[in-house]
4 protein chains.
Amino acid sequence: MAQRATKRQVNRLPPEQRIADIMRSAREVFTEKGYSESLISDIAERAGVVEGTIYRFFENKRDLLQRVAEAWYVEMMEASEPGFGAVQGEWNRIHYVVYSHLEALQRDPGLARLVFHELRPDPHYRSTRLFELNRAYTRRIADIVREGAARGVFRADVSPSLVRDMVYGTIEHRTWAFLRNEGAFDLEATAREITNIVYGGLLPRAPGGAPRDEILARLDLLTERVDAVAQQLGS
Amino acid sequence: MAQRATKRQVNRLPPEQRIADIMRSAREVFTEKGYSESLISDIAERAGVVEGTIYRFFENKRDLLQRVAEAWYVEMMEASEPGFGAVQGEWNRIHYVVYSHLEALQRDPGLARLVFHELRPDPHYRSTRLFELNRAYTRRIADIVREGAARGVFRADVSPSLVRDMVYGTIEHRTWAFLRNEGAFDLEATAREITNIVYGGLLPRAPGGAPRDEILARLDLLTERVDAVAQQLGS
Amino acid sequence: MAQRATKRQVNRLPPEQRIADIMRSAREVFTEKGYSESLISDIAERAGVVEGTIYRFFENKRDLLQRVAEAWYVEMMEASEPGFGAVQGEWNRIHYVVYSHLEALQRDPGLARLVFHELRPDPHYRSTRLFELNRAYTRRIADIVREGAARGVFRADVSPSLVRDMVYGTIEHRTWAFLRNEGAFDLEATAREITNIVYGGLLPRAPGGAPRDEILARLDLLTERVDAVAQQLGS
Amino acid sequence: MAQRATKRQVNRLPPEQRIADIMRSAREVFTEKGYSESLISDIAERAGVVEGTIYRFFENKRDLLQRVAEAWYVEMMEASEPGFGAVQGEWNRIHYVVYSHLEALQRDPGLARLVFHELRPDPHYRSTRLFELNRAYTRRIADIVREGAARGVFRADVSPSLVRDMVYGTIEHRTWAFLRNEGAFDLEATAREITNIVYGGLLPRAPGGAPRDEILARLDLLTERVDAVAQQLGS
DNA sequence: TATGAATGAGTGTTCATTCAT
DNA sequence: GATGAATGAACACTCATTCAT
C-alpha cells in the first residue's frame, strides 16, 4: 500500500518548554515590531507552534505581552539584586541602582519601549502584577532615601516616593532618543550625572533650612542698611 | 460611480471659524476617548460639519491630533509666558515653571495623556512641529540653569538638558496616577517639593560642607564690615 | 481594541470546496454586476462564508477576479482542446477555433466583458498569469498559420501573430453588441464569415506579390494582346 | 487706509475660449492619468478656472471625457478626410484608412486608451454621439468594400460591416502593447501587413476552388493560346 | 493536547458635485 | 458669470480569537 506521510508533526513537549519557547518568540517579535504590529501567527510560527497553542497558555495577546514584560522585570531584579547589598554609602547605592537600570535599558530598549508606551498607559495598569513588580523594583530608591535620612546623611523632609519618581522620570526622559533608536547614551557618564544631581538634592542644608530667597531677602535688608549708612556719610 | 444628488445645507463660514470649531470638537473627543477610540464622524458631528470638511483642513486623523496638541502647547506657552519675566531668583523661576506645568496638566490631563502616550512614542516625533514646540517650551528650565550657573548661584558642572529631563521626567512620573484619572495631586505641595529637590541638587557644594554655609560666611563678613563702618561714623 | 467574543458556527470544509464555492459565487456576482459594483460581502454571503474567509484564499478583490478569469480560460481550453486535434484542413481548423471561441463568448458574455474591460486594460496585465493563459489559448491560430505556410497552403509571408490579432480582434469587435447585452449573434454564420475572410486572406497569391487585382488587370491586358496577335495570325 | 488686495482674479473670457481651455486641459490630464485617476480640481487648475466653472460648460466629469473623445474623432476625421478622395484603387484606399488610423493612434495613444477602455465599455455607449462619430469614421471601410464589390474587384458575399470589425479589431489588438506604453510599432509595415491580409480576404475566389487556381487556370489557358500562336509562328 | 480554518466587527478617506456668495 | 467651501455616501480589509476535529 501507499505509505501515507503523516500530516502533522505533533511534538509533545513539557508545558514549561512550550511556554518558554512562546515567551522567547513573543519577546523577539514584540521587541522588533512593537505590540500592535506583532502578529500572533508570527509569534506562533517562530515558536514552532500554531496559534491555538498559544491560547492554551496565555489568555490573549495582551496577556502574553504582560507576561513577557513581567519576566523582564524579574530578570532585571535578579540581575541587580545580588550586588546591591554589598554597596556602601548613599551616593554609591543610588549610583548602583541608576547604573543597573540604565544598563537594563541599554540591553533591551525594545522591551522598555513596550512597557513605557504600551503597558503603562493602560487604564488598568495599576491593578497589574507588572505594576507590583515595578513598585518592588523601584522601591530600593525610596529605601535608600529613607535610610539615608535615618542616618542623617540626607534631609528628612524629602518624600522618598518623589525621589523615586525623580530618578526614574529622569532616566526615562534622558534615554528617550536611545529608546527610539535615535542615538546612544554614555552609560557611565549618564549614571554619574544623574546620581550627582539627585544626591545633591538630598543633602541637608544649613539648619534653619530657609530656601535661598530668604537669604536674598536678608541681603536686601543688609543692602538697605548699607544704603542708610552711606546716606549718613554723604550728608 | 455616479455621485448621488442629495439636498444640502451649505453653511459657509470663514475658514478660521471652521478650523476652530473642528479643533475644539476634536480636542473634546480625543480628550474624552483617546485617539484610537475617537471617530472622525463623531468629531465632525460635534463640530457641526461632515467628515469631508475635516479633510479640507486636516490631512488625516493623525494630523488633526497633532494640530490639537500643538495648539495646546501654544496655549500653555502663552499662559505662562507673561509672568515669567517678572520672576526673580533661581528658586522662584524654577518654581514658576514647575507650577505652571503642573497647573496645565491639571487643567488638561486628557491632552497630556494624548501627547505622552500617542504622539511622543511616534517614530517620527522628533521631526515634528510638536517636538519643536516642546523644546521651546522646556527650554526655560535649561536657561534658568545656565543663567544660574553664570551668576554663580548654581554649580557650573551640571548639564542643563539633564535638569530639563529631570524636571519634566519627575513631573510626569509624579502625575501619572492623576493623568490616569486615578487620584488628584496637591498642586502647591507638588510644585514646592519638586522645586526644592531640583534646586537643592543644583546648588554648589562646599567640599565637605554645605554650599550655603559659604554664603552665610560671606554675609557675616559683610556684616562685620558694615558694622565697622557704622561704628566709625557713630564715634 | 478588544475583539468581541461572539457565538460562531464554524463549518469546516476542505479548502478545495471552499475555494470552489467562493469562485463560483464570485463568478456569479462579477458577471452580474461587473467588478466595481460587486461587493465582497455579497460574494461571501452567496458562498456561505464571511468576508474574512475569502481573504484566506485570495489576496484581495482584484486577485479574486483574476483567479475567476484564469479559471475561465482553463475551462475554455479544456472545452476546445479535445476536438481540435481531429480537425483536418486549414479552413476547418481555423473555423474550429473561431467557432469554439464564439461559443465560449456566447456562454459567458459577462466573463468576457470582465476580461476585456477590467483585466486586460490593467497596466500590469502583461506580467499576469492570465496573459500567459491568453497567449497559450490564442497560440493555436498562429500555429495553424505556421503549419499552413509550411504545407504550402498559406502564403509564407504572413505574420502568424498578425493573424492571431486579426482573428481575436475581429471576433471581439463583432460580438460587442452581444457582450453588451444589446443583441445576439448568429454563431454559425459569424464563425463561417470570419473564417472565410481570414482564410481568404491567407491563401497564396501569384509569385511576384503584386496585389491581386493588378495581376488580374495585367492578365486581362496580356490576354487582349495575345488575342490581338492571334487574330492577326488567324486572319 | 490699507489698500486691500483684490481677493479674486475674475477673468471674464468668451465661452468658446473657456471651453477650449478646459478641453485642452482635460485632454492632457485624462491622457496622462486615465479617467478615474484624473481629478476635476486638477483639470480646473490647469485650465486656469475653478471646479464650478467646468460645470457651467460640462454636465459632469463623464461628459467632459465624452466631449474630449468626440473632439478627437472629429480631429481624426478632419485629418484623414481631405486626402481620401484622391486615392484610387481598392488596396490603396484600404491602406489609406488603415494607415491614417494607425497614425492617429500613434499620435494619441492616451486618448485611444480612454475610448477603448473607458467609453466604449459603457453600457450606454451605443446611444452616444461618440458612437455615431465612430460609425461615421469607420464607415469608409464598409464603403470601400461595397464599392469594390460593385466594381467586381471584391467578392460580393462579404459583409462590409464584418470587414469593418476586422480592420478595426485587428488594428486594436495589434497596437495593444503600444497603447499600453509597452513598445512601439512600425507604422509603415503594420499598415501594409494589415492591408494585405484584409485585401486578400476580399478578393473573389473561383467558385468551388481556391482563388489562386483561377489565376493559374487563366494563366494556363493563356499559355495554351500563346503556345498555339507560337506554333503558328514557328510553322 | 494540538491543530488551523473560520469568524466578523469596525472606520478612515476620497472627490464629484452643488450652490450661497 | 465665477467662485470654492461644503457635502456625504460608500466599502475593502485585518487579525485576535474560537472550537470542531
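The chains referred to below are lettered A, B, ... by the order of the sequence lines, with proteins before strands, and numbering in each begins at 1. Treat the numbers as computed from the prediction; the structure is a model and nothing was measured.
Residue D:Ser36 is classed as having no contact, given no heavy-atom separation below 4.0 Å to the nucleic acid. Among the heavy atoms of the strands lying under 4.0 Å from C:Phe57 are primed sugar atoms or P, OP1, OP2 only; no base atom is included.
Residue order along DNA chain F, read from the 5' end via each residue's closest nucleotide, puts C:Lys61 first among A:Glu59 and C:Lys61. Both C:Arg56 and B:Ile40 lie near DNA chain E, and the one whose nearest nucleotide falls closer to the 5' end is C:Arg56. Toward the 5' end of DNA chain F, the nearer of the two residues A:Glu51 and D:Val50, judged by each one's closest nucleotide, is D:Val50. Along DNA chain E, the nucleotide nearest to C:Gly52 and the one nearest to B:Asn60 differ in position, and the one closer to the 5' end is contacted by C:Gly52.
Contact annotation: C:Thr53 side-chain N/O to E:dT7 OP1/OP2 distance is under 4.0 Å. Neither OP1 nor OP2 of F:dG1 sits under 4.0 Å from any side-chain N or O of D:Arg18. The phosphate of F:dC11 (OP1 or OP2) has no side-chain N or O of C:Ser41 nearer than 4.0 angstrom.
Note on A:Arg27 versus A:Glu32: no salt bridge recorded, every NZ/NE/NH1/NH2 to OD/OE distance being 4.0 Å or above. With respect to the salt-bridge test (charged N to carboxylate O, under 4.0 angstrom), the residues D:Asp21 and D:Arg46 do not qualify. Salt bridge D:Arg62/D:Asp122: present, at least one basic N to carboxylate O contact under 4.0 Å.
Between A:Glu37 and A:Lys33, the shortest heavy-atom distance links the atoms CB-O, 3.2 Å.
Proximity of a side-chain donor or acceptor of A:Arg180 to a complementary backbone N or O of B:Arg120 within less than 3.5 Å is detected. Judged by distance alone, with hydrogens and angles left aside, the side-chain atoms of C:Lys61 form a donor-acceptor pair with the main-chain N or O of C:Ser38 at under 3.5 Å.
In this structure, the CG atom of A:Leu39 is 9 Å from the C1' atom of F:dT14, given to the nearest Å. Atom CD in A:Glu45 sits about 15 Å away from atom P in F:dC15, given to the nearest Å. Rounded to an integer number of Å, the gap from CD1 of D:Ile54 to C1' of F:dG1 is 15 Å. Regarding D:Asp42, its CG atom lies at a distance of 16 Å from the P atom of F:dG4, rounded to whole Å. If you take CD of C:Glu37 and C1' of F:dA12, they are 15 Å apart, rounded to a whole angstrom. A straight line from CD1 of D:Ile43 to P of E:dT17 spans 11 Å, rounded to a whole angstrom. Going from atom CG of A:Asp63 over to atom C1' of F:dT17 covers 14 Å, rounded to whole Å. Remark: P of E:dT18 and CZ of D:Phe58 are 16 Å apart, rounded to the nearest angstrom.
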Legend entry - Secondary structure string for DNA chain E (Watson-Crick or G-U under 3.5 angstrom, | for other-strand pairs): .||||||||||||||||||||
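Partner A:Val68 forms a side-chain contact (heavy atoms from CB on, under 4.5 Å) with one of A:Thr31, A:Leu111, A:Asp63, A:Leu114 and no other, that one being A:Leu111.
Atom CZ of residue C:Phe30 and atom CH2 of residue C:Trp72 lie 15.0 Å apart, to the nearest 0.5 angstrom.
For B:Val49, the listed nucleotide lying nearest its side chain is F:dT7; candidates were F:dT7, E:dT7, E:dC15. Side chain of A:Tyr55, nearest nucleotide from F:dT7, F:dT17, E:dT13: F:dT17.
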